[in-house]
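What follows is a single structure, written as structure tokens, with notes after it.
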Amino acid sequence: MTDKEIIDGLIARDNDITRYFLEKYNPLFSKLVLLVFERTVDKNECINELYLYLMENDAEKLRSFQGASTLGTWIKKVAVRFFVRLKQGSKIVEDKTNNPPDNKKIEQPVKGMESEIMAKMDVDNLFSLMQNKRYEMVVKHLVIDDAEPVELAKEMGIKVSNLYNIKKRALDQMAEVMIKERRCYELAR
């Protein structure tokens, strides 16, 4: 099914296409809810609110899809912005049942949250596409978490020099994945 067929079906309120759309993008929406709300809300309520938002004013938001990017890329941006605004407006009731009683989390500032969430999702996507999970682990620890190479090498049971070799190969693999993803994205346009 093409992006245009999905949009047209949603606008026409076709039940089969609506079900297909919600099933196809449910993992994306669920991940965004977890990232934005930090697991404190009912994800289904958030997804329902997003669907209502897409359909309000005779599906005005859906009609704004121009096809300049894939539907997946477009809906990700729309959903991030919507969920951030939803959080800011405190329109979703928090679900305290899954939180430990003395959960003392620090609230993230909302400004810049959209970009941070999009970046985190893009990095997670790149990691999921890497073939070698050991490489993924090394990049996460050394580059993202800024772990001490000596400690990581000790934890892995290897020499530091070997760790740097693994890091180089891991970054090379990540670059290959990024190039391949970019080509797929450009072909989808």
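The shown structure was predicted, so the numbers you read here are calculated from the model rather than taken from an experiment.
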Side chain Lys87, main chain Val36, donor-acceptor under 3.5 Å: yes

| query | Does CE belonging to Met178 count more than 12 external heavy atoms closer than 6.0 Å? | reply | no

Sequence neighbours excluded, the answer for ring pair (Phe, Tyr, Trp, His ring centres under 6.0 Å) partners of Tyr25 is Phe21

Interatomic distance, CG@Asp3 vs CD1@Ile75, rounded to 0.5 Å, equals 10.5 Å

So CG of Leu62 and CD of Glu56: to nearest 0.5 Å the spacing works out to 10.5 Å

Heavy-atom side-chain contact between Cys46 and Phe29 under 4.5 Å: no

Side chain to side chain contact (heavy atoms under 4.5 Å, CB included) test vs Arg63 passes for just one of Ile11, Asn57, Leu10, Leu54, namely Ile11

Inset, instruction - Report yes if the side chains of Leu152 and Met137 come closer than 4.5 Å at any heavy-atom pair, otherwise no. - result: yes

*asked:* Measuring only between side-chain heavy atoms, which start at C-beta, is Val139 closer than 4.5 Å to Gln173?
replied: no

For Leu52, the other hydrophobic cluster members (4.5 Å side-chain criterion, sorted by chain and number) are none

*More than 12 heavy atoms of other residues, nucleotides or ligands under 6.0 Å from CD of Glu148: is that the case?*
no

Smallest heavy-atom separation, Ala79 atom then Leu50 atom, equals CB-CD2, 3.9 Å

Residue set satisfying ring pair (Phe, Tyr, Trp, His ring centres under 6.0 Å) with Tyr135, at least two apart, ordered chain then number -> none

ask   = Are the charged groups of Asp172 and Arg169 less than 4.0 angstrom apart, N to O?
value = no

Between the CD1 atom in Ile158 and the CD1 atom in Ile166, the distance rounded to the nearest 0.5 Å is 3.5 Å

Across all chains, not counting sequence neighbours, the side-chain contact (heavy atoms from CB on, under 4.5 Å) partners of Lys140 are Phe127, Glu136

Here the gap from Glu176 atom CD to Leu129 atom CG, rounded to the nearest 0.5 Å, amounts to 12.5 Å

Kindly determine whether Leu28 and Lys31 satisfy side chain to side chain contact (heavy atoms under 4.5 Å, CB included), including the steps that lead there. CA-CA 5 Å; Leu28 170 68; Lys31 186 170 187 171; 5.7 Å; no

The complete set of ring-ring contact (aromatic ring centres under 6.0 Å, His included) pairs with one or both residues in residues 43-73, sequence neighbours excluded, reads Tyr53-Phe82, Phe65-Trp74

Next item on the list: Please step through side chain to side chain contact (heavy atoms under 4.5 Å, CB included) for the pair Phe37 and Leu86, ending with a clear verdict.
Entry: CA-CA 9 Å; Phe37 294 98; Leu86 200 62; 4.1 Å; yes

Sorted by chain and number, sequence neighbours left out, side-chain contact (heavy atoms from CB on, under 4.5 Å) with Asn26 holds for Ser30, Lys43, Ile47

The reported gap from NZ in Lys168 to CG in Leu163 (rounded to nearest 0.5 angstrom) is 14.5 Å

* To do: Output, in order, the C-alpha distance, side-chain angles, deciding distance and verdict of side chain to side chain contact (heavy atoms under 4.5 Å, CB included) for Arg85 and Arg81.
  => CA-CA 6 Å; Arg85 282 193 311 269; Arg81 290 177 182 144; 3.8 Å; yes

When rounded to the nearest 0.5 Å, the distance separating CD1 of Ile17 from NZ of Lys24 is 12.0 Å

